[in-house]
Trainee: 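Before I ask anything, here is the structure I am working with.
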Number of protein chains: 2
Amino acid sequence: MTDTDLDDEAKPETRRARQRRELLVEITDEARRLLETGGTAAVSWRAIARAVGLSPASLYTYFDSLDELFTELLLQSYGRLAAAVEAAVGAFADAQPGDRLLVGPLAYRSWALANRGQFNLIFTDQLPGYVAKPGGPTVEAQVAIFRPMIAVLAEHPESDSGQSAVKMPDADREADVGFWAVFHGLTTLEVNHHLDWTDAPQIFETQVRWFIEQRGLPSASEGLVERFTDWSQNT
Amino acid sequence: MTDTDLDDEAKPETRRARQRRELLVEITDEARRLLETGGTAAVSWRAIARAVGLSPASLYTYFDSLDELFTELLLQSYGRLAAAVEAAVGAFADAQPGDRLLVGPLAYRSWALANRGQFNLIFTDQLPGYVAKPGGPTVEAQVAIFRPMIAVLAEHPESDSGQSAVKMPDADREADVGFWAVFHGLTTLEVNHHLDWTDAPQIFETQVRWFIEQRGLPSASEGLVERFTDWSQNT
DNA sequence: CGAGAAATTCGAACACTGTTCGGGTTGATA
DNA sequence: TATCAACCCGAACAGTGTTCGAATTTCTCG
């Protein structure tokens with residue numbers, strides 16, 4: 001009954017280890033599904049246990065508590081959002097800076113609308129217990145989301161716009177946060193149905209474009225939103 | 001059975017009615033306290049029952065379900081935020097337009113930081129059941145928050161900034177939403193501890209000021225943030 | 001291979017939650 | 001005062017997270 005197969009006799013993965021790894025994926029997948037369909041309140045041990053065919057008590061072999069499961073879900077959501085942004089910006093690596101600067105927010109918004117539960121899990125405190133520790137892994141995941149966009153911004157440092165008589169050291173960072181605030185504000189409002197009475201996509205494109213231009217960056221090309229949409233669907 | 005009273009010796013409030021009214025306030029106050037201290041998960045019938053000295057079952061005389069209590073809390077939060085913004089803008093009614101336009105976001109942010117639970121209850125979907133009906137009372141409460149700021153913006157329609165060659169009818173509304181997105185984005189990020197690594201107040205003032213100026217509006221005066229802080233504390 | 005150790009699973013139980021129901025008690029009304 | 005609705009409560013049901021002990025399966029190593 002020993003698994004002599006594979007090639008040589010080195011056991012890179014024991015049978016238990018593989019099942020544990022697969023079950024971890026099943027658990028988090030089901031938890032994510034419940035989160036997206038019914039919100040955080042719908043994520044329950046017993047619902048997950050029914051889905052994966054285990055007893056609720058057995059799940060404590062994989063996570064010490066429900067908060068730990070949410071923490072894992074939170075970190076995965078960070079990574080997924082960062083990967084979505086990075087993939088989009090990377091796909092338009094040859095485009096002009098203005099285009100690349102618009103693609104980031106577009107991917108940001110697109111992922112958020114397709115993963116509302118995870119987006120809210122990231123950006124609004126829903127778990128009473130959890131607060132981000134200063135050296136914790138969430139701050140790294142935080143900056144990973146904006147690394148691609150910051151890189152583009154760094155190539156055009158603050159240009160001429162506004163009060164740049166004296167070169168303040170934090171001016172660039174402040175401008176970056178301001179840029180973030182624009183497309184994050186629009187995104188979170190749309191995600192939570194606070195822009196249903198408007199043409200949200202149109203406003204998003206117009207405002208982000210306007211913000212980029214006012215900052216003195218080269219403006220994005222005309223049909224970029226369509227190009228992004230096409231690329232997004234073929235992926 | 002016709003209530004013939006109206007003016008004279010009629011009992012303007014029966015004893016039971018007064019107690020019911022007071023208990024309604026006690027219930028919502030305690031629910032709000034629990035919401036601010038422990039989030040939505042901490043708001044439970046039994047905790048409220050312990051606080052007000054009633055049985056959990058008795059509370060169903062006042063609300064048909066916990067969702068109804070949250071709906072009431074949501075509507076009250078809308079009203080409180082709107083009142084805070086309106087009071088601040090009203091207190092600076094004699095100031096210049098740029099000042100009045102900055103006071104609104106300042107009050108918005110200030111209230112949000114002091115009432116994080118209610119702010120998140122308003123702007124992120126936390127109750128799986130509730131969605132805003134098109135004619136519901138939340139849309140009215142929504143616009144009530146921005147009525148004072150929209151009024152100031154309407155006095156200076158879009159000015160000259162940017163692409164106003166042709167006068168698009170929705171341009172003003174889009175600009176208003178863009179303005180909202182800036183200070184709402186910064187506020188919701190700060191409320192949920194995503195700007196702890198920055199000088200959040202400084203960024204808020206700089207970015208909102210910059211946005212106002214780029215829109216061609218008269219800039220706010222120098223010590224306005226201090227003036228608002230003073231007014232806020234003496235209220 | 002076979003014995004001991006470790007990991008995994010499960011059922012039962014505890015404390016907590018929202019909600020319903022039946023029967024009392026109290027207050028307003030005529 | 002008599003009636004009736006409003007109010008309050010205890011008990012109960014179904015659901016939740018979590019713990020514990022025992023049974024079972026799997027890995028490890030002599």
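The chains referred to below are lettered A, B, ... by the order of the sequence lines, with proteins before strands, and numbering in each begins at 1.
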Trainee: Which is true for A/Y62 with a 4.0 Å heavy-atom rule: it touches a base, it touches only sugar-phosphate, or it touches nothing?
Mentor: sugar-phosphate
Trainee: Looking only at side-chain N and O atoms, does B/Y60 come under 4.0 Å of OP1 or OP2 in D/dA6?
Mentor: no
Trainee: Does this structure show an ion pair linking B/D29 with B/R32, if we count only N-O contacts that are shorter than 4.0 Å?
Mentor: yes
Trainee: When you check the gap from the basic side-chain N to the acidic O, do B/R147 and B/E140 get nearer than 4.0 Å?
Mentor: yes
Trainee: Hey, do the aromatic rings of B/F119 and B/H184 have their centres closer than 6.0 Å?
Mentor: yes
Trainee: Given atom CG of B/L69 and atom P of C/dT17, what is their separation to the nearest angstrom?
Mentor: 15 Å
Trainee: Taking only side-chain N and O atoms of A/T61, does any of them lie within less than 4.0 angstrom of OP1 or OP2 on C/dA7?
Mentor: no
Trainee: Is there a side-chain contact between B/S55 and the phosphate of D/dC8, meaning an N or O under 4.0 Å from OP1 or OP2?
Mentor: no
Trainee: Between A/F204 and A/R109, is there a cation-pi geometry (under 6.0 Å to ring centre, at most 45° from the normal)?
Mentor: yes
Trainee: If I take atom CZ in residue A/R50 and atom P in nucleotide C/dT9, what distance separates them, rounded to the nearest angstrom?
Mentor: 18 Å
Trainee: What is the distance, rounded to the nearest whole Å, between atom CH2 of A/W45 and atom C1' of C/dT9?
Mentor: 15 Å
Trainee: Hey, is the side chain of B/R16 poking within less than 4.0 Å of OP1 or OP2 on C/dT26, counting only N and O atoms?
Mentor: no
Trainee: If you count heavy atoms of other groups shown closer than 6.0 angstrom to CD of A/Q19, is the number above 12?
Mentor: no
Trainee: Expressed in angstrom and rounded to an integer, what is the separation of A/E13 atom CD from D/dT26 atom C1'?
Mentor: 14 Å
Trainee: Expressed as a whole number of angstroms, how long is the span from A/I27:CD1 to C/dT8:C1'?
Mentor: 12 Å
Trainee: In whole Å, what is the span from the CZ atom of A/R21 to the C1' atom of C/dT8?
Mentor: 17 Å
Trainee: OP1 or OP2 of C/dC10 versus the side-chain N and O atoms of A/S58: is any pair under 4.0 Å?
Mentor: yes
Trainee: Can you see if the side chain of B/R20 gets near the phosphate of D/dA6 - specifically, an N or O under 4.0 Å from OP1 or OP2?
Mentor: no
Trainee: DNA chain D: B/L23 or B/R46, which has the more 5' nearest nucleotide?
Mentor: B/L23
Trainee: Taking the minimum atom-to-atom distance to the side chain of A/T14, which one of C/dG18, D/dC27, C/dT9 wins?
Mentor: D/dC27
Trainee: To the nearest Å, how far apart are A/L34 CG and D/dT16 P?
Mentor: 11 Å
Trainee: Is the phosphate of D/dC7 approached by B/R15 (side-chain N or O, under 4.0 Å from OP1 or OP2)?
Mentor: no
Trainee: If I take atom CG in residue A/L59 and atom P in nucleotide C/dT9, what distance separates them, rounded to the nearest angstrom?
Mentor: 9 Å
